[in-house]
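One structure is given below, encoded as structure tokens.
In this text the structure is predicted, and so the values were computed from the model without any measurement. Here is the naming used below: chain letters follow the sequence lines, and residue numbers restart at 1 for every chain.
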There are 2 protein chains.
Amino acid sequence: MADKEERRIPEASVARLPIYLRCLSELTETAVATVSSVSLAELAGVNAAKVRKDLSYLGSYGTRGVGYEVEYLTHQIRLELGLTQDWPVVVCGMGNLGQALANYGGFGSRGYPIGGLIDADPAKVGTELHGHTIHHIDDLDRVVEESGATIGILATPAEAAQSVVDRMVEAGLKSILNFAPSIVSVPEGVSLRKVDLAIELQILSFYQGRSEQDLTPPIVSR
Amino acid sequence: MADKEERRIPEASVARLPIYLRCLSELTETAVATVSSVSLAELAGVNAAKVRKDLSYLGSYGTRGVGYEVEYLTHQIRLELGLTQDWPVVVCGMGNLGQALANYGGFGSRGYPIGGLIDADPAKVGTELHGHTIHHIDDLDRVVEESGATIGILATPAEAAQSVVDRMVEAGLKSILNFAPSIVSVPEGVSLRKVDLAIELQILSFYQGRSEQDLTPPIVSR
DNA sequence: TAGATTGTTAATCGATTAACAATC
DNA sequence: TAGATTGTTAATCGATTAACAATC
């Protein structure tokens, strides 16, 4: 076949790798050295064949008859996901949600330190939050450059979302996590994911009304 | 065929209905009376054929040669999603994220009023947040009953997640939106969706490292 | 009638999963 | 060698999308 590039991990598999990673870190904490696809599947809440298939895209890191070495597999997944380096994030929009995200300590410890906080309100600019000064959106380019950030979190009101995201892209951010209740578009080459609390609740509402026979299967992440 | 029950909307379509709803409300604001599948698709960031297919599961609410009446379609989707009534939500875990969610005004106005706030820390119990008193987890049953809530938001630390979710299920909640960085399981008949900030960031990291030829397609919600 | 757009069919694509040979 | 478990194949299922007849 002589194809030059073999490696292409399906989107659905990529989305599950972080879940496996979390399960593996639990296993590390409880001093478990090896894990079978069946056990890992149980922890992750998925089918065992799916686990094996997902992991096979990374390479052959398991041992037949034994399972996967927890530490080694952890390392390989982290490598694949690019988690061997820190990825500073710039948070745009310091309303309720933006402030909560900035105060949430979990990011830094997971390899996503705050690279900068941004708002358009002059009253907020210059104030401190969780040890970070809030900068004006006009200084976004500089903040991105100085922090080396490539990931941006969009937490503005819906009205401002598209114009802020345009400026984020212009400032050089390559990945955007959109918390604004709005559909935004980005040029090719920029990754976009969306988290929308109201939409999640509305999806749950749908399955609320259903009768016993058609139950929703549990859905993860989204 | 004489099947008794025709209506079964695919999961992927259900998940897009709230997105269409949001686009339709924008159209209403700008006084647009009818919309074609092509325009709606553009607003929602999806394929037009997909819009027509999704909407066809609701019934034949469009007019050939014309499009869909915005107001009528809005009503039908809201009906299908069960958004004609309020769904009080109980928030369990009043840490950073739980507090932010409680303070976030967007829920009430969208039909998800706060039905109760819950924590296990005696120091927090009894204090007020956004006009709601924080109750102890031991009073969960009573809070659920009195508020009539069927949806719960889980915002505890990872360690407490499964035990709290068990109590939420026991208290009668039928849908749970899990913000805790942990995989939890629920019995059949209970819906579960998960929102995990760290996992979203890790998925973005994966696509960061990729070369130009294999770009991530934008992914919405999930 | 001519133009526009739906609703639906059918082809295609990607994801899931059971099954099992390979192999530790 | 016997038992366990991976890695992979192939069948199946569900979602996407192009195409077009129906029809406003």
Spell out, as yes or no, whether a donor-acceptor pair under 3.5 Å connects the side chain of Asp196(A) to the backbone of Ala198(A). yes
Cut-off 3.5 Å, side chains only: do Gln99(A) and Asn103(A) have a donor facing an acceptor? no
Select base, sugar-phosphate, or nothing to describe what Ala12(A) touches, counting heavy atoms under 4.0 Å on all strands. sugar-phosphate
Both Arg64(A) and Arg52(A) contact DNA chain C. Which one's nearest nucleotide lies toward the 5' end? Arg52(A)
Only Watson-Crick and G-U wobble pairs with both distances less than 3.5 Å should count. Give DNA chain C in dot-bracket notation, marking inter-strand partners with |. ..||||||||||||||||||||||
Looking at Lys53(A), Lys50(A), Glu42(A), Arg52(A), which hits side-chain hydrogen bond (donor to acceptor under 3.5 Å, both in side chains) with Ser37(A)? Arg52(A)
Outermost DNA chain D nucleotides near chain B [under 4.0 Å, heavy atoms]: dA15(D) to dC24(D)
Under 3.5 Å, which donor-acceptor pairs do the side chains of residues 27-35 of chain A form with other protein atoms, sequence neighbours left out?
| unit_1 | atom_1 | unit_2 | atom_2 | d |
| --- | --- | --- | --- | --- |
| Thr28(A) | OG1 | Leu24(A) | O | 3.0 |
| Thr30(A) | OG1 | Glu26(A) | O | 3.1 |
| Thr30(A) | OG1 | Leu27(A) | O | 3.1 |

Side chain to side chain, Leu55(B) and Tyr68(B), heavy atoms closer than 4.5 Å: yes
Enumerate the residues from residues 29-37 of chain B whose closest heavy atom to DNA chain C is under 4.0 Å, giving them by residue number; use none for an empty result. Ser36(B), Ser37(B)
Listed by chain and number, what are the salt bridge (charged side-chain N to carboxylate O under 4.0 Å, His left out) partners of Arg110(B), not counting sequence neighbours? none
Could you tell me whether the side chains of Tyr20(A) and Asp54(A) share a donor-acceptor contact shorter than 3.5 Å? yes
With a 4.5 Å limit on heavy-atom distance, are the side chains of Val190(A) and Tyr207(B) in contact? no
Can you name the salt bridge (charged side-chain N to carboxylate O under 4.0 Å, His left out) partners of Arg167(A), sequence neighbours left out? Asp138(A)
Side chains of Leu140(A) and Cys92(A) in contact at under 4.5 Å (non-hydrogen atoms): yes
